[in-house]
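First comes the structure, then the notes that go with it.
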Amino acid sequence: MIELSIYIHVPFCRHRCAYCSFISYAGREADIPAYAHALAQELRLRPVENAEIKTIYFGGGTPSLLPVDALSQIFKAIKEHHKIADKAEITLEANPGTLSREYLKTIRSLGVNRLSLGVQSLDDAELQLLGRIHSSTQARESIRQAKEDGFTNLSLDFIYGIPERSLETWRKMLGEIVTLGAQHLSLYGLTLEEGTPMHERVKKGEIPSPDPDAAACEYEMAEQTLEAAGYKQYEISNWAKPGFESRHNLAYWKRTPYLGLGVAAHSFINSERTANTSDLDAYLSCLSEGRLPIQTTETISAIAALSEAIILGLRLNDGVSVDDIEAHFGIDLHSRFAAEIAECSSLGLLDEQDDRLRLTPRGRLLGNEVFTRFLA
Ligand code: SF4
């Protein structure tokens, strides 16, 4: 029996945030019914033999824009084609500006048992700078409602490294974040992507560019504050109360199979990675004609798989087990990557204890410096 994860990409947003480079479309909500129908078709066309679904993740975009009937249709299709494990983790990403009490209650009754709220900041001026559609009051209210409605596995996303933020603002915000009572926190550094409105504003000199040194200070402050508040960091960007690590994301980092459905979704099954088209119209038209929307297919070679296992494993605070790599790939990491390990260790980026190689705190800040050395 394969333990399978399902990712469903929902590429609709009310409005494009100023920093956004994800695959999402604003002003296309009228296409949601056709999209839900296309997802059901894709599920029908992509059976996975002998699988049990351990996690389902609705990501976006803004999955909380899916009306209840569209969400029910997608769940129905999943259940028609797959066996869902009894205690499957079922996450829906939500934007605080789109939630109502009734919606929260209904999605819970449909089976969503983990809510991931894109809060990003608790400062209204910052939310405006980011071009988010919600206010900090709406975010606090959504968190309160979700908890009252019985969501006992709540994850909140925040952004660090926002231009013009002072360390004092972040210190106070972290103080409030830990009082919000979420079981899981994800913290992402702001990156300035070309072609985004924020990039344009920086180019015109209207706002400063995100400062990597300020971002590093905020990250270190977050590590200390969250640990003191009982959150355990288990991945470069993720912290959880014990037992609330994201099982879905762990499946990616541990390279277990996943089926990605929807625009731009990726799948990884039987050493083969596929990517769907990232064009919404092409996706809808493929499925209306009964064709799969797969744009690229790549068979992962043994050497690429080794590289992925090391890089993804190093993202986790548990790191990579040298023995496991040897058992799985027949390769002794110390011989194969002797120079790379020695160099990263001498730079204070890698550490080895027992049989595990791990990023040091400094290594977590400079992860890419380490990862590039292990690329296939
Ligand atoms: S809500 Fe997320 S996906 Fe949508 S525009 Fe904002 S950052 Fe992009």
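First listed ligand is number 1; within each ligand, the first listed atom is number 1.
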Could you check [atom] against the protein and tell me its nearest heavy-atom contact, residue, atom and distance included?
| atom | result |
| --- | --- |
| atom 3 (S) of ligand 1 | G61 N, 3.3 Å |
| atom 8 (Fe) of ligand 1 | C20 SG, 2.2 Å |
| atom 2 (Fe) of ligand 1 | R132 NH1, 4.1 Å |
| atom 4 (Fe) of ligand 1 | C13 SG, 2.2 Å |

TODO: Return the orientation label for the Y234 and H184 ring planes: parallel under 30°, perpendicular over 60°, tilted otherwise.
DONE: perpendicular
Do [Y] and [X] meet the salt-bridge criterion of a basic N to acidic O distance under 4.0 Å?
| X | Y | result |
| --- | --- | --- |
| K54 | E89 | no |
| D281 | R28 | yes |
| E245 | K232 | no |

Open item on the list: Heavy atoms only, cut-off 4.0 Å: how does C17 contact ligand 1, side chain, backbone, both, or neither?
Closed with: both
Task: Distance in Å, S301 OG paired with E308 CD, rounded so as to fall on 0.5 Å steps - done: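 Here the interatomic distance stands at 8.5 Å.
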Task: Quiz item: cation-pi between R114 and F151, 6.0 Å / 45° - done: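 Ring-cation test returns no.
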Task: Numbered atoms of ligand 1 (with element) below 4.0 Å of R16, judged on heavy atoms - done: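 Going through ligand 1 atom by atom, the ones under 4.0 Å from R16 are 5 (S).
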Open item on the list: Taking 4.0 angstrom as the limit and counting only heavy atoms of H15, give me the atoms of ligand 1 inside it, by number and element.
Closed with: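 By the 4.0 Å cutoff, the relevant atoms are 5 (S).
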Open item on the list: With a cutoff of 4.0 Å, is G118 in contact with ligand 1, counting heavy atoms of the residue only?
Closed with: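 No, G118 has no heavy atoms under 4.0 Å from ligand 1.
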